[in-house]
**Student:** 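Please see the structure below; I have some questions.
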2 protein chains.
Amino acid sequence: MSPSPEKRAVVRLPRAERMHQIESAARKLFHKHGYTAARISEIAADAGISEAAIYKFYSNKRDLLHTLLKDWYMGMLDDFYEKLEGVEGARNRIKVIIWQHLKSIRECPDLCRLFYSEVRSMPDYYDTELYELNRRYTLVLVDVVKTGIASGELRPDTSSALVRDVIFGGIEHRVTPFLMGRSDIDIDEMSSQLCDLVCQGICTPDAGQDMDRLMARLERVADRLDGKAKGG
Amino acid sequence: MSPSPEKRAVVRLPRAERMHQIESAARKLFHKHGYTAARISEIAADAGISEAAIYKFYSNKRDLLHTLLKDWYMGMLDDFYEKLEGVEGARNRIKVIIWQHLKSIRECPDLCRLFYSEVRSMPDYYDTELYELNRRYTLVLVDVVKTGIASGELRPDTSSALVRDVIFGGIEHRVTPFLMGRSDIDIDEMSSQLCDLVCQGICTPDAGQDMDRLMARLERVADRLDGKAKGG
DNA sequence: TGCCCTTAGTGAGTATGATTTACTTAATCC
DNA sequence: GGATTAAGTAAATCATACTCACTAAGGGCA
């Protein structure tokens, strides 16, 4: 005689609260297994509901992912504006942006990695809200560079878009081992190094030619002085 | 009366030839639909065989992808060594590397995009042959930078790894719209701009002021000496 | 010439996991 | 306290990578 099938009591929660549980579970399991390998069934179980219930809140698995990432991006955007307030000078502002971006990555490497690997490279990325958010985010740096050019602090032939790509692309490559869990990062050091590289470049300054002329001239002057002193 | 089921004649090809057909089909369809959306069934049909036959040559769909990309990478690596031959000076060599990398991307944007989106961000990337190939590829630049530091052409405090990440990461971001089919790229202009940025930085050189003052002062001193010499 | 053996190739599955459908029932509002 | 809304479910459906057990082409060799 088999026991009557015990159905566990169905617990109902208000929409916002349940969504929060689902998103926590999703974040945890996306982190643990990666987006593709994370199972909707496992997310549902972790959130205390059935698989089908997920689709009451999100149109599909990818929509759930985007919801997580939109929240993250909006927070980062707020941080940018807040931290830049009162900072003067293109170079200082660039450094703050780099530092702040690194800090956001350090705080949420799981979300950052999902963004890099699952969102940005999808065929329809340019139609998503995340693309729009990312554009606004990187625009902050572009504007700083343009202002710096206008003020004369930055070279007039600087391409602001190239600076944006070099900084955000450079950071992405630089933090990849950290995102893969293979190393840690030192935000202060990394932001200093990157800011210096972008601002000064890597070549030893070739004031060379001016310097040669200056030196030659100085030698001649010195010789004459020596000659006079001896002769006098 | 239904006609007897006509089975099309099975065409057999030597292993290498069939693999070539499969890889052509795979490349075409990965490009057309993206890796995930490309169907093994469609690849098989395009290559003129059944689905199951694919698995005689590749252990799975991902293995097929990696085979395509390994070939591409090996070709790029050869190009690097060839084109660098006879080029002197860190800055010139860096520029050649940037130019050559852009050219490889321009020639095979489909493969490049697959590499960025489907390979590099996978959890097991570090265990793949492609990781090893990529390491060898980027090492060429790292060695050039190190040599440039040793020769005094590059600043002694330059981080070669940072330069590598800024260049390859910057390029990746810079070419993304092109890879998505939304723009074209000008290899010559892009390589010049990027090389200049990395080598000189974006700040207006401010050794300028000191140097100008120094030079002016020396000129005045020299003039006075000249004047005295003439007058005496 | 005819047999053997290697291997290209196949048809018919299996397994897995996202999404849909049709339904149930708790909470809330008048 | 009945109607309405919305949270939730069980059980299908569907798509697709991959496996299994098998067939047969064709080159080498007695």
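Naming: A, B, ... by sequence-line order, numbering from 1 per chain.
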**Student:** Write down the distance between OH (B/Tyr55) and P (C/dA8), rounded to a whole number of angstrom.
**Tutor:** 17 Å
**Student:** Regarding A/Lys95 and A/Ser192, do their side chains bring together a donor and an acceptor under 3.5 Å, going by distance alone?
**Tutor:** yes
**Student:** Using rotation axes that map the C1' atoms of four end pairs onto the next four (five pairs an end), what angle separates the end axes of the helix from C/dT1-D/dA30 to C/dC30-D/dG1, to 10°?
**Tutor:** 10°
**Student:** Using the six-membered ring wherever Trp is involved, compare the ring planes of A/Tyr131 and A/Tyr125 and label them parallel, tilted or perpendicular (cut-offs 30° and 60°).
**Tutor:** perpendicular
**Student:** Within the 4.0 Å heavy-atom criterion, would you say A/Lys61 contacts the bases, only the backbone, or no part of the nucleic acid?
**Tutor:** sugar-phosphate
**Student:** Classify the side-chain pair A/Glu132/A/Tyr126 by whether it contains a donor and acceptor separated by less than 3.5 Å.
**Tutor:** no
**Student:** Quick one about B/Arg91 and B/Gln200 (side-chain donor to acceptor, distance below 3.5 Å, no hydrogens or angles considered), yes or no?
**Tutor:** yes
**Student:** Do other residues, nucleotides or ligands put more than 12 heavy atoms under 6.0 Å from the NZ atom of B/Lys70?
**Tutor:** yes
**Student:** Can you tell if the side chain of B/Leu197 reaches within under 4.5 Å of the side chain of B/Val166, non-hydrogen atoms only?
**Tutor:** no
**Student:** Answer yes or no: are there more than 12 heavy-atom neighbours, outside A/Lys146 itself, under 6.0 Å from its atom NZ?
**Tutor:** no
**Student:** Can you measure A/Tyr58 atom OH to C/dA18 atom P for me and round it to whole angstrom units?
**Tutor:** 16 Å
**Student:** Can you find a side chain N or O atom of A/Arg15 that sits less than 4.0 Å from OP1 or OP2 on D/dA7?
**Tutor:** yes
**Student:** Check whether the side chain of A/Arg12 and the base of C/dA27 form a donor-acceptor pair under 3.5 Å.
**Tutor:** no
**Student:** In whole angstrom, give the distance that lies between atom CD of B/Glu51 and atom C1' of C/dA8.
**Tutor:** 17 Å
**Student:** Can you pull out the residues from residues 119-126 of chain B that lie within a 4.0 Å heavy-atom distance of DNA chain C?
**Tutor:** none
**Student:** Using only side-chain N and O atoms of A/Arg18, determine if any of them is under 4.0 Å from OP1 or OP2 of D/dG8.
**Tutor:** yes
**Student:** I'd like to know whether NE2 of A/His20 has more than 12 heavy-atom contacts from other residues, nucleotides or ligands below 6.0 angstrom.
**Tutor:** no
**Student:** Using the ring centroid of each side chain, check whether B/Tyr137 and B/His101 are separated by less than 6.0 Å.
**Tutor:** yes
**Student:** Could you tell me the separation between the CD1 atom of A/Ile49 and the C1' atom of C/dT19, rounded to a whole number of Å?
**Tutor:** 15 Å
**Student:** So which of B/Lys32, B/Arg27, B/Lys28 actually passes side chain to side chain donor-acceptor pair (under 3.5 Å) with B/Asp110?
**Tutor:** B/Arg27
**Student:** Taking CE from A/Met19 and C1' from D/dA7, how many angstroms apart are they, rounded to a whole number?
**Tutor:** 13 Å
**Student:** Which of residues 31-47 of chain A have a heavy atom under 4.0 Å from DNA chain C?
**Tutor:** A/Ala38, A/Arg39, A/Ile40
**Student:** Mind checking A/Leu13 for me? I need base, sugar-phosphate or nothing, with any heavy atom below 4.0 Å counting as a touch.
**Tutor:** sugar-phosphate
**Student:** Looking at side-chain heavy atoms only, is the closest gap between A/Lys83 and A/Trp99 below 4.5 Å?
**Tutor:** no
**Student:** Indicate, with a heavy-atom threshold strictly under 4.0 Å, whether A/Phe57 touches base, sugar-phosphate, or nothing.
**Tutor:** sugar-phosphate
**Student:** Would you mind reading off the distance between A/Lys56 atom NZ and C/dC23 atom P, rounded to a whole angstrom?
**Tutor:** 13 Å
